[in-house]
Amino acid sequence: MRPEPPALPGVLSAAEVRRTAASIASVQQADGALPWSAGDQVDVWNHVEAAMALLVGGEVQAADRAYDWCLATQRPDGSWPMRLHQGQVVDPASESNMSAYLAVGVWHHWLVVGDSAFVRRAWPSVRAALDHVVGLQLEFGGVAWAWGAGGIATDALLAGSSSIYQALRSGLALADLAAEPQPDWELAVGRLGHALRRHRDGFADKAAFSMDWYYPVLGGAVRGGAGRRLIAARWDEFVVPGLGVRCVSTNPWVTGAETCELALALHAVGDRAAAHRLVADMQHLRDPGGAYWTGFVYPDDAVWPEEHTAYTAGAVILAVDA
């Protein structure tokens, strides 16, 4: 385990990153859950992202409690409820990308800590989650975005399936560690990668959202020159110089999480200078105590919503760590 949290020269010191990690730990509930903000809803995707940030930010015990929550709340079919609040299920349906994301967190934990006992303990939950998700794959290769009382959704989301691609790759790496090959996952990730590279028109049209723009790169399905071209194609549409990245192309609202995720995608295709600049640009969202506002409406010179979100702080720490 590294002795100090990461730092980004000229942007954030290790001490500042530690304060940000502490801001995430401060909203953790008694059962280990990490809500969006204090007293807010919980979903397993944002929970795992925050747990990864806690680990590299020095809040190791809080991260351990967060992963314990994942293992304790997983349902028999391998999924988690879409939304919980104060330990109660608000929406019992499940989102495929949310359920898959535990694999990313567990693989990240292994890369940071190298704790084989943790991997062994978490592996059955990872296996159940990814088996569930692979069962939702659609004919063209994308993964149905949700499952609920009405059955399996008939469409797939580009950003969600890109996140699932990363999760399946992480799961296959964990399967190697566990010496339990998963050929069904290998077939699924191959089909999914092909859809993300060649058949993006098969996914539901959410092109106004920046996540649909950069997530195929962030999730790893599109990299190298193709990834750089994909990012360049809509850069001017989403990036507001000096402020960050719009969440939606039609709205004058930049958000910290999307900005840091794009920085991670840029880092993955080798553009570290642009990644560094984006993380620096979004620091206007930083609260003096280390927490981060979700977003900023720039015509009004106003933060909105007026809340500090753990997932925004988490995205900052993960970008700094990269």
Side-chain angles (χ1 to χ4, degrees), residues 5-8 11-13 16-29 33-59 62-63 66 83 97-98 101 104-105 108 159 163 209-211 213-215 218 238-240 242-248 251-267 275-298 301-322:
L8 188 62
V11 180
L12 291 176
S13 68
E16 288 170 323
V17 171
R18 187 179 289 278
R19 283 198 290 277
T20 297
S23 79
I24 299 173
S26 73
V27 304
Q28 189 169 39
Q29 297 172 178
L34 295 164
W36 287 14
S37 59
D40 205 344
Q41 69 179 38
V42 179
D43 71 69
V44 71
W45 197 102
N46 286 291
H47 170 94
V48 169
E49 181 182 47
M52 290 190 285
L54 287 172
L55 187 63
V56 296
E59 296 284 347
R83 286 197 300 278
N97 69 302
M98 290 183 181
Y101 206 56
V104 177
H108 175 265
S163 179
F209 292 85
S210 59
M211 289 173 61
W213 162 48
Y214 62 77
Y215 250 78
L218 180 63
F238 285 110
V239 177
V240 182
L243 292 179
V245 174
R246 296 181 191 225
C247 178
V248 185
N251 296 344
W253 179 50
V254 295
T255 48
E258 277 79 0
T259 303
C260 289
E261 287 180 339
L262 177 58
L264 284 163
L266 287 164
H267 177 79
H276 189 287
R277 186 166 61 250
L278 281 176
V279 179
D281 284 352
M282 60 79 62
Q283 293 306 313
H284 64 94
L285 294 173
R286 184 177 177 86
D287 182 90
Y292 281 83
W293 301 103
T294 301
F296 180 75
V297 181
Y298 45 89
D301 193 29
V303 296
W304 185 84
E306 292 188 9
E307 62 183 14
H308 298 128
T309 39
Y311 60 79
T312 301
V316 173
I317 292 176
L318 294 177
V320 168
D321 191 43

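What you see is a predicted model; the values in this text were computed from it and never measured.
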With sequence neighbours excluded, tell me which residues meet side chain to side chain donor-acceptor pair (under 3.5 Å) with [X].
X      : result
Asn97  : none
Gln28  : Arg65
Trp293 : none

Between [X] and [Y], which heavy-atom pair has the shortest distance, and what is it?
X      : Y      : result
Ile24  : Ala53  : CD1-CB, 4.0 Å
Ser23  : Gly290 : OG-O, 3.9 Å
Ala275 : Ala263 : CB-O, 3.3 Å
Ala313 : Thr20  : CB-CG2, 3.6 Å
Leu264 : Ala322 : CD2-CB, 3.5 Å
Val320 : Ala7   : CG1-C, 3.6 Å

List for me each residue that meets side chain to side chain contact (heavy atoms under 4.5 Å, CB included) alongside [X], sequence neighbours excluded, and say none if there are none.
X      : value
Ser13  : Ala15, Glu16
His276 : Leu8, Val11
Ala159 : Met211, Asp212, Tyr215
Thr255 : Cys247, Trp253, Glu258

Output side-chain donor-acceptor pairs under 3.5 Å for residues 302-311, partner residues at least two apart or in another chain, one line each.
unit_1: Thr309; atom_1: OG1; unit_2: Thr294; atom_2: OG1; d: 2.8
unit_1: Thr309; atom_1: OG1; unit_2: Thr312; atom_2: OG1; d: 2.7

Flag the pair [X] / [Y] as yes when at least one side-chain heavy-atom distance between them is below 4.5 Å, and no otherwise.
X      : Y      : value
Asp281 : Val239 : no
Val254 : Val245 : no
Val48  : Val104 : no
Leu318 : His108 : yes

Which pairs of donor and acceptor atoms, one on a side chain in residues 35-42, lie under 3.5 Å apart (sequence neighbours left out)?
unit_1: Trp36; atom_1: NE1; unit_2: Asp43; atom_2: OD2; d: 2.7
unit_1: Ser37; atom_1: OG; unit_2: Asp40; atom_2: OD2; d: 3.2

message = The criterion is ring pair (Phe, Tyr, Trp, His ring centres under 6.0 Å); which residues satisfy it with Phe209, sequence neighbours excluded?
response = none
query = Does Thr259 use its side chain to pair, donor to acceptor, with the backbone of Leu278 at less than 3.5 Å?
reply = no
task = Measure from the side-chain N and O atoms of Glu49 to the backbone N and O of Trp45, and report whether any donor-acceptor pair falls under 3.5 Å.
result = no
request  = Would you please test Leu12 and Val316 for side chain to side chain contact (heavy atoms under 4.5 Å, CB included) and show each step?
outcome  = CA-CA 10 Å; Leu12 291 176; Val316 173; 3.9 Å; yes
Could you state the interatomic distance from [atom1] ([X]) to [atom2] ([Y]), rounded to the nearest 0.5 Å?
X      : Y      : atom1 : atom2 : result
Arg277 : Met282 : CZ    : CE    : 15.5 Å
Leu262 : Arg246 : CG    : CZ    : 14.0 Å
His284 : Tyr292 : NE2   : OH    : 10.5 Å
Ile317 : Cys260 : CD1   : SG    : 10.0 Å

query = Looking at residues at least two apart in the chain, or sitting in another chain, which of them share a salt bridge (charged side-chain N to carboxylate O under 4.0 Å, His left out) with Arg286?
reply = none
